[in-house]
Engineer: 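Okay, here's the structure, questions in a sec.
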Amino acid sequence: MLFFVPKYTGLHRVLRLGTYVSIKQMQPLCRDERRYNSTSEENRRIPKIYTKTGDKGFSSTFTGERRPKEDHIFDALGTTDELSSAIGLAREFCIDRGQSFTDQLEKIQCVLQDVGSNIATPRSSARDSHIKKTKFSSQAVIELERWIDSFTEELPPLTNFILPSGGKSSAALHVARAACRRAERCVAAVVRSGETDPEVAKYLNRLSDYLFTVARYAAMKEGNGETIYKRPE
């Protein structure tokens, strides 16, 4: 599971649960510098994806603190990663159907990397330099609210409970919405413990509203009806 610390912070490292890898190491050689000899110096320096540092059930935070993998920090990181993956799958369906908001979904995935960086920097072991590099901006919440308001203006009023439905794009976005709610529940515990910026929890709360709204919007644009909840008799 990889979480990239935002490049604007000037932190030139990739945060991986259990290790740190230099971004310089990760960059491919430019075309003119490529070497195809398997015994070349360049090939021997390529970092491996596995580190073995977590084999005993512990991983590292960005602050260098070692914690059990079942720690609430890593639980929150894992569910945030799952959320980004669910959004990525939904985005592929939306691209196939020519939806107009796929760039928004990509940007949200990038913001979720920032969310992960913030979560991976527990305040109890963070120095001021750590906190500065992984600070989460409230501007991301404001942007979500603007998008929600824009889509809501085009949608018919919601007068009944609806089930996840409305075609593949819409249904996949509903799956992402449910994953977002779970991520929010995990992060809430970290925020209450004082380890993470409260703006992160606010962002996830607003993101679930966005995903619900855009799922309805996708169904409308694709001409698919939404399934209305009916109490079973």
Side-chain angles (χ1 to χ4, degrees), residues 1-6 15-17 59 69-97 99 101-121 134 136-137 140-141 143-145 147-148 151-152 155 158 161-193 195-222 224 226-227 229:
M1 180 165 26
L2 298 176
F3 283 97
F4 291 81
V5 177
L15 176 61
R16 184 186 189 279
L17 298 188
S59 286
K69 289 192 174 185
E70 67 272 19
D71 188 271
H72 61 301
I73 292 288
F74 299 123
D75 192 21
L77 282 172
T79 53
T80 303
D81 186 32
E82 290 176 36
L83 168 59
S84 182
S85 298
I87 291 174
L89 178 60
R91 181 173 178 270
E92 292 300 318
F93 284 121
C94 293
I95 289 173
D96 289 344
R97 298 307 302 268
Q99 295 287 359
F101 52 82
T102 55
D103 287 348
Q104 292 179 6
L105 296 178
E106 181 179 359
K107 186 170 185 179
I108 287 167
Q109 287 183 283
C110 291
V111 173
L112 288 175
Q113 293 294 109
D114 297 341
V115 167
S117 297
N118 190 277
I119 295 170
T121 311
T134 60
F136 189 79
S137 172
V141 177
E143 186 170 49
L144 279 180
E145 291 174 347
W147 290 343
I148 292 169
F151 289 126
T152 301
L155 287 169
L158 189 62
F161 289 111
I162 61 171
L163 305 179
S165 55
K168 292 180 180 178
S169 299
S170 178
L173 287 163
H174 278 295
V175 171
R177 171 187 57 77
C180 187
R181 285 298 191 192
R182 184 157 61 88
E184 182 187 358
R185 292 192 296 271
C186 291
V187 169
V190 186
V191 170
R192 275 196 298 273
S193 69
E195 296 279 49
T196 298
D197 191 335
E199 289 295 324
V200 166
K202 185 184 294 185
Y203 180 80
L204 292 174
N205 187 24
R206 207 69 80 254
L207 178 56
S208 62
D209 295 331
Y210 167 88
L211 291 169
F212 177 80
T213 302
V214 82
R216 297 193 63 221
Y217 184 83
M220 182 186 71
K221 286 297 183 179
E222 294 177 15
N224 298 321
E226 296 174 296
T227 303
Y229 161 75

Engineer: Determine the minimum heavy-atom distance between Leu83 and Leu211, stating which atoms define it.
Structural biologist: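 Heavy-atom minimum between the residues: CD1-CD1, 4.4 Å.
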Engineer: Shortest non-hydrogen contact from Ile87 to Ile108?
Structural biologist: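 Closest approach of Ile87 to Ile108: CD1-CG2, 3.8 Å.
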Engineer: At their closest point, which heavy atom of Phe74 faces which heavy atom of Lys69, and how far apart are they?
Structural biologist: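 So the two residues come closest at CB-O, 3.4 Å.
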Engineer: Taking C-beta and beyond as the side chain, do Asp71 and Ser59 meet within less than 4.5 Å on heavy atoms?
Structural biologist: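 The answer is no; the side chains never approach within 4.5 Å.
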Engineer: Could you measure the distance from the CG atom of Leu105 to the CG atom of Leu89? Nearest 0.5 Å is fine.
Structural biologist: 11.5 Å
Engineer: Would you indicate whether the side-chain heavy atoms of Leu144 and Asp209 approach each other to under 4.5 Å?
Structural biologist: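 They are not in contact (no side-chain heavy atoms under 4.5 Å apart), so the answer is no.
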Engineer: Out of Asn118, Val200, Leu112, which one pairs with Thr80 under the side-chain contact (heavy atoms from CB on, under 4.5 Å) rule?
Structural biologist: Leu112
Engineer: Atom OG of Ser193 and atom NE2 of His72: how far apart are they, to the nearest 0.5 Å?
Structural biologist: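 Between atom OG of Ser193 and atom NE2 of His72 there are 3.5 Å.
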Engineer: Is there a donor-acceptor pair closer than 3.5 Å between any side-chain N or O of Ser84 and the backbone N or O of Asp81?
Structural biologist: no
Engineer: Would you name the heavy atoms of Tyr203 and Val115 that are closest together and state the gap between them?
Structural biologist: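 For Tyr203 and Val115, the tightest heavy-atom pair comes out as CD2-CG2, 4.2 Å.
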Engineer: Hydrogens and angles aside, do Glu222 and Ser169 bring a side-chain donor and acceptor to less than 3.5 Å of each other?
Structural biologist: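 There is such a pair (donor and acceptor under 3.5 Å, judged by atom type) between the side chains of Glu222 and Ser169.
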Engineer: To the nearest 0.5 Å, how far apart are OH in Tyr229 and OG in Ser165?
Structural biologist: 15.0 Å
Engineer: For the residue pair Thr121 and Glu195, establish whether any side-chain heavy-atom pair is separated by less than 4.5 Å.
Structural biologist: no
Engineer: Start with the C-alpha distance between Thr213 and Arg216, add both sets of side-chain angles, then the distance that settles side-chain contact (heavy atoms from CB on, under 4.5 Å), and finish with yes or no.
Structural biologist: CA-CA 5 Å; Thr213 302; Arg216 297 193 63 221; 5.9 Å; no
Engineer: Please assess Asn205 against Arg181 for the test side-chain contact (heavy atoms from CB on, under 4.5 Å), listing each intermediate value before the final yes or no.
Structural biologist: CA-CA 7 Å; Asn205 187 24; Arg181 285 298 191 192; 3.2 Å; yes
Engineer: Starting at CD of Glu199, measure out to CZ of Arg206 and round the result to the nearest 0.5 Å.
Structural biologist: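 CZ of Arg206 is found 9.0 Å from CD of Glu199.
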Engineer: Give a yes or no answer on whether the side chain of Gln99 reaches the backbone of Ala218 with a donor-acceptor pair at less than 3.5 Å.
Structural biologist: yes
Engineer: Which atom names give the shortest non-hydrogen contact between Thr102 and Cys94, and what distance separates them?
Structural biologist: CG2-CB, 3.7 Å
Engineer: How close do Arg177 and Ser208 get, counting heavy atoms only, and between which atoms?
Structural biologist: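 Here Arg177 and Ser208 meet closest at CG-O, 3.7 Å.
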Engineer: Rounded to the nearest 0.5 Å, what's the gap from OG on Ser137 to CD on Glu143? Could you check?
Structural biologist: 10.0 Å
Engineer: So that I can tick it off, tell me whether Asp96 and Arg91 are bridged by a salt bridge, with the cut-off set at under 4.0 angstrom between side-chain N and carboxylate O.
Structural biologist: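 Salt bridge flag = no for Asp96 with Arg91.
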Engineer: Does the side chain of Arg182 come under 3.5 Å of the side chain of Thr79 through a donor N or O and an acceptor N or O?
Structural biologist: no
Engineer: Report the relative orientation of the aromatic rings in Phe151 and Tyr217; use parallel for angles under 30°, tilted for 30 to 60°, perpendicular for over 60°.
Structural biologist: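 Correct class here is tilted.
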Engineer: Using the ring of each side chain (for Trp, its six-membered ring), is Phe212 parallel, tilted or perpendicular to His174, with breaks at 30° and 60°?
Structural biologist: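 Ring orientation, 0 to 90° scale: perpendicular.
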Engineer: Is there a side-chain contact between Leu173 and Phe101 in this structure, where contact means two heavy atoms from C-beta onward sitting under 4.5 Å apart?
Structural biologist: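 Leu173 vs Phe101: side chains touch.
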